[in-house]
Amino acid sequence: MRRVALLLLFSVSTLDSQTAHTVSHRLGIAAAAPLPSVKIPQTTLRALEKNFDDRLLTLDPSDPVDMLGGTRALYIPDYGTIFTTELNLAVAPGFTPFGNNLYTPEFKARLHQRKAAHVPKLEEAMKEMVRLSATKLPMSDDQKIIYAIRLRYFPLEDSSGLPAQIVMRADKKSALNGDIKTEVE
């Protein structure tokens with residue numbers, strides 16, 4: 001009897017989903033509904049990447065951030081879409097082998113102030129991008145949208161009180177409603 005049930009279940013599973021549902025319903029076998037397969041076009045991901053890069057580059061036109069590479073998006077089926085990038089909160093000279101006389105205590109304090117002023121602007125831009133992505137991505141309402149930014153600092157600068165990374169996350173439905181979770185490390 002068990003062998004017959006397994007054979008019957010196997011034969012039902014090889015049918016198309018509508019026929020399998022009908023047969024399994026008539027036989028009293030519970031069948032899971034097939035999940036729709038979502039395919040995010042690469043052009044959509046690239047457009048959102050570029051949009052985020054443009055927003056970051058124009059975050060503060062009088063004091064730009066230093067992008068350390070472009071935004072990268074990855075769609076993970078049955079989970080959602082993740083956007084990541086890396087940046088320095090303000091453009092500052094690097095270090096040279098000829099000495100680092102520029103990094104005086106006053107310079108470090110001004111640089112710290114500039115970077116701290118960019119954090120709220122960055123968080124607002126990230127929230128806007130999560131909301132925008134929710135309108136553009138053809139995903140189900142329960143799939144996630146995540147924007148993560150890793151922030152870099154020079155070894156000699158004062159990074160106290162500044163985040164190492166900022167992550168914004170929401171499922172699509174929550175993002176459309178403006179309910180976006182922020183994690184600052």
Side-chain angles (χ1 to χ4, degrees), residues 40 42-77 79-137 139 143-185:
I40 307 289
Q42 287 298 310
T43 54
T44 302
L45 293 176
R46 279 191 211 103
L48 288 167
E49 289 170 346
K50 182 174 178 356
N51 192 320
F52 193 44
D53 287 346
D54 291 346
R55 284 180 190 241
L56 293 174
L57 289 171
T58 59
L59 194 64
D60 184 349
S62 64
D63 187 15
V65 298
D66 189 6
M67 299 272 308
L68 303 175
T71 300
R72 292 293 169 247
L74 179 66
Y75 174 70
I76 301 170
Y79 181 78
T81 307
I82 301 170
F83 296 84
T84 65
T85 195
E86 202 169 9
L87 61 89
N88 194 327
L89 286 167
V91 176
F95 298 100
T96 69
F98 306 109
N100 296 311
N101 304 357
L102 182 61
Y103 277 77
T104 64
E106 296 80 23
F107 180 82
K108 288 180 186 181
R110 279 194 314 275
L111 182 60
H112 187 275
Q113 251 180 346
R114 290 170 50 208
K115 290 185 176 195
H118 283 161
V119 172
K121 294 175 184 180
L122 177 59
E123 288 178 352
E124 187 54 39
M126 291 174 74
K127 284 180 184 175
E128 288 174 19
M129 285 306 299
V130 172
R131 285 190 291 265
L132 176 68
S133 297
T135 65
K136 301 288 184 191
L137 293 169
M139 307 183 314
Q143 289 193 342
K144 310 284 185 265
I145 299 169
I146 299 172
Y147 275 79
I149 295 184
R150 178 181 290 165
L151 300 165
R152 293 291 183 196
Y153 303 98
F154 290 116
L156 291 180
E157 76 175 279
D158 176 17
S159 61
S160 62
L162 295 173
Q165 75 176 21
I166 302 172
V167 178
M168 301 279 172
R169 72 175 70 231
D171 58 55
K172 182 176 178 175
K173 184 177 181 179
S174 297
L176 291 170
N177 294 326
D179 183 18
I180 300 164
K181 307 290 185 247
T182 303
E183 299 168 21
V184 179
E185 287 182 29

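What you see is a predicted model; the values in this text were computed from it and never measured.
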Salt-bridge criterion met for Glu128 and Lys121 (N-O under 4.0 Å): no
Between Asp171 and Lys173, is there a donor-acceptor pair closer than 3.5 Å when you use the side chain of the first and the backbone of the second? yes
Residues two or more places apart in sequence or in another chain: which of them pass ring-ring contact (aromatic ring centres under 6.0 Å, His included) with Phe83? Tyr147
Measure the CZ-CD distance between Arg110 and Gln113 for me, rounded to the nearest 0.5 Å. 9.0 Å
How would you list, by chain and number, every residue that makes a salt bridge (Lys or Arg N to Asp or Glu O under 4.0 Å) with Glu86, sequence neighbours excluded? Arg152
Is a donor on one side and an acceptor on the other found under 3.5 Å between the side chain of Lys172 and the backbone of Met139? yes
Is it the case that the side chain of His112 and the backbone of Leu162 share a donor-acceptor pair, with hydrogens and angles ignored and the cut-off at 3.5 Å? no
Using modelled atom types and a 3.5 Å cut-off, is there a donor and acceptor pairing between side-chain atoms of Lys108 and backbone atoms of Leu156? yes
Contact summary for Ala90 and Asp66, nearest pair of heavy atoms: O-CB, 4.3 Å
Could you give all pairs that pass the ring-ring contact (aromatic ring centres under 6.0 Å, His included) test and reach residues 162-185, with sequence neighbours left out? none
List the atom of Glu183, the atom of Arg169, and the distance in Å for their closest heavy-atom pair. OE2-NE, 2.7 Å
Using a 6.0 Å cut-off, check whether atom CZ of Arg55 has over 12 heavy atoms from anything other than its own residue. yes
For the pair Thr104 (side chain) and Phe107 (backbone), establish whether a donor and an acceptor sit closer than 3.5 Å, ignoring hydrogens and angles. yes
